[in-house]
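Let me begin by presenting the structure, written as structure tokens, before commenting on it.
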Amino acid sequence: MRVDATTDAPLDTPADTIAIGVFADEGIAHDPPGAPLQALVDSGEARREHGKLAVAHVEGRRFVLVGLGDRAAFDPERARTAAAAVVKRAREVSTGTLCWEVPHHVSDAVVAGLVEGTVLAAYRFDRYRKGGDGEAEGQGRLEALLVSSHHDVSVTVAEAAVVAEAQNRVRDLQ
């Protein structure tokens, strides 16, 4: 999987799916015009509890909203589990390129958690599967991850990608 960081807004990236985390008692920072994503949260269709997911289509893009729970309790491990939940849904809808919008005011360790959780959850050992691509029926292969942040997180993203890919290579050896 290709993993890159960008300071471009998620809608300015080539991603077909954009993941946005929603903290309890906070709104969506960069909602498209008309606030359609906030409307999903306000209606209860998208929930703020950790790991809860909702999918929406806005401006020709697919959005996966994931509840992150309380900001004070959000740490790298919770970031990994939220990312894994997003990957599962992204694969169900045949996402090729996923863009994570990094929540405002989180540490680099949390950014690393989002990357690691995404790369680890996207792993599939398919060397011996019939058909060559090894993907389950009806599920696509996640080809790329973009991490969109207001500040440069490229070093953190690159290091986290190396760590997660190394873990995946160890899984291959097992």
Side-chain angles (χ1 to χ4, degrees), residues 1 3-122 139-140 142 144-154 156-157 160-161 164:
M1 172 188 307
V3 180
D4 292 304
T6 183
T7 55
D8 293 341
L11 281 171
D12 294 335
T13 69
D16 52 64
T17 303
I18 298 168
I20 298 178
V22 183
F23 286 111
D25 300 324
E26 292 184 23
I28 296 177
H30 300 112
D31 208 344
L37 302 178
Q38 186 64 48
L40 285 176
V41 174
D42 294 343
S43 73
E45 187 173 339
R47 298 181 43 206
R48 293 180 165 115
E49 292 88 15
H50 183 264
K52 301 294 183 183
L53 297 173
V55 176
H57 297 270
V58 178
E59 295 186 17
R61 298 286 183 89
R62 185 182 309 113
F63 286 81
V64 177
L65 287 104
V66 59
L68 301 179
D70 292 325
R71 182 180 281 277
F74 194 66
D75 60 10
E77 184 55 31
R78 289 178 73 101
R80 282 187 212 56
T81 59
V86 167
V87 168
K88 181 178 180 189
R89 182 62 56 89
R91 293 187 78 224
E92 289 172 355
V93 296
S94 299
T95 295
T97 301
L98 175 67
C99 178
W100 259 107
E101 180 178 25
V102 174
H104 292 179
H105 312 295
V106 296
S107 69
D108 284 352
V110 167
V111 174
L114 291 172
V115 173
E116 291 167 3
T118 302
V119 173
L120 292 171
Q139 293 194 352
L142 189 58
L145 169 65
L146 296 171
V147 179
S148 171
S149 180
H150 285 288
H151 64 285
D152 184 16
V153 292
S154 58
T156 300
V157 168

- Message: Keeping Glu116 on the side-chain end and Ala164 on the backbone end, is there a donor-acceptor pair under 3.5 Å?
- Response: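 No, Glu116 side chain to Ala164 backbone: no donor-acceptor pair under 3.5 Å.
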- Under 3.5 Å, side chain of Asp70 to main-chain N/O of Ala72, donor-acceptor pair present?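 Here the side-chain-to-backbone pair does not exist.
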- Task: Any chance you could measure Ile18, atom CD1, to Leu98, atom CG, to the nearest 0.5 Å?
- Result: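 Reported value, rounded in 0.5 Å steps: 9.0 Å.
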- Message: Apply salt bridge (Lys or Arg N to Asp or Glu O under 4.0 Å) to residues Glu49 and Lys52 and explain how you reach the verdict.
- Response: CA-CA 6 Å; Glu49 292 88 15; Lys52 301 294 183 183; over 6 Å; no
Between [X] and [Y], is any pair of side-chain heavy atoms under 4.5 Å apart?
X	Y	value
Leu37	Pro32	yes
Arg47	Leu53	no
Leu145	Asp4	no
Thr118	Val147	no
Val110	Asp75	no
Phe23	Pro103	yes
Pro36	Glu59	no

Side chains of residues 61-68: which donor-acceptor pairs under 3.5 Å do they make with residues two or more places apart or in other chains?
{"residue": "Arg61", "atom": "NE", "partner": "Ala15", "partner atom": "O", "Å": "3.4"}
{"residue": "Arg61", "atom": "NH1", "partner": "Pro10", "partner atom": "O", "Å": "3.4"}
{"residue": "Arg61", "atom": "NH1", "partner": "Thr13", "partner atom": "O", "Å": "3.3"}
{"residue": "Arg61", "atom": "NH1", "partner": "Ala15", "partner atom": "O", "Å": "3.2"}
{"residue": "Arg61", "atom": "NH2", "partner": "Leu11", "partner atom": "O", "Å": "3.1"}
{"residue": "Arg61", "atom": "NH2", "partner": "Thr13", "partner atom": "O", "Å": "2.7"}
{"residue": "Arg62", "atom": "NH1", "partner": "Thr17", "partner atom": "OG1", "Å": "2.6"}
{"residue": "Arg62", "atom": "NH1", "partner": "Thr95", "partner atom": "OG1", "Å": "3.3"}
{"residue": "Arg62", "atom": "NH2", "partner": "Val93", "partner atom": "O", "Å": "3.4"}

- Query: Between His30 and His150, does the ring centroid distance fall short of 6.0 Å?
  - Reply: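 Here the rings of His150 and His30 have centres that are less than 6.0 Å from each other.
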- Task: Give a yes or no on this: more than 12 heavy atoms of other residues, nucleotides or ligands lie within 6.0 Å of atom NE2 of His57.
- Result: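 Yes, NE2 of His57 has more than 12 neighbouring heavy atoms, counting only those of other groups under 6.0 Å.
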- Query: Looking at Asp31 and Gln38, what are the two nearest heavy atoms and their distance?
  - Reply: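 The pair with the smallest heavy-atom distance is OD2-N, 2.7 Å.
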- Atom of Arg48, atom of Ala24 and distance for their closest heavy-atom approach: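 Heavy-atom minimum between the residues: CD-CA, 3.6 Å.
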- salt bridge (charged side-chain N to carboxylate O under 4.0 Å, His left out) involving Glu26 - partner list, sequence neighbours excluded: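 Arg71.
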- List for me each residue that meets salt bridge (charged side-chain N to carboxylate O under 4.0 Å, His left out) alongside Arg78, sequence neighbours excluded, and say none if there are none.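 Here no residue qualifies.
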- Worked verdict on Trp100 versus Ser148 for side chain to side chain donor-acceptor pair (under 3.5 Å): CA-CA 6 Å; Trp100 259 107; Ser148 171; over 6 Å; no
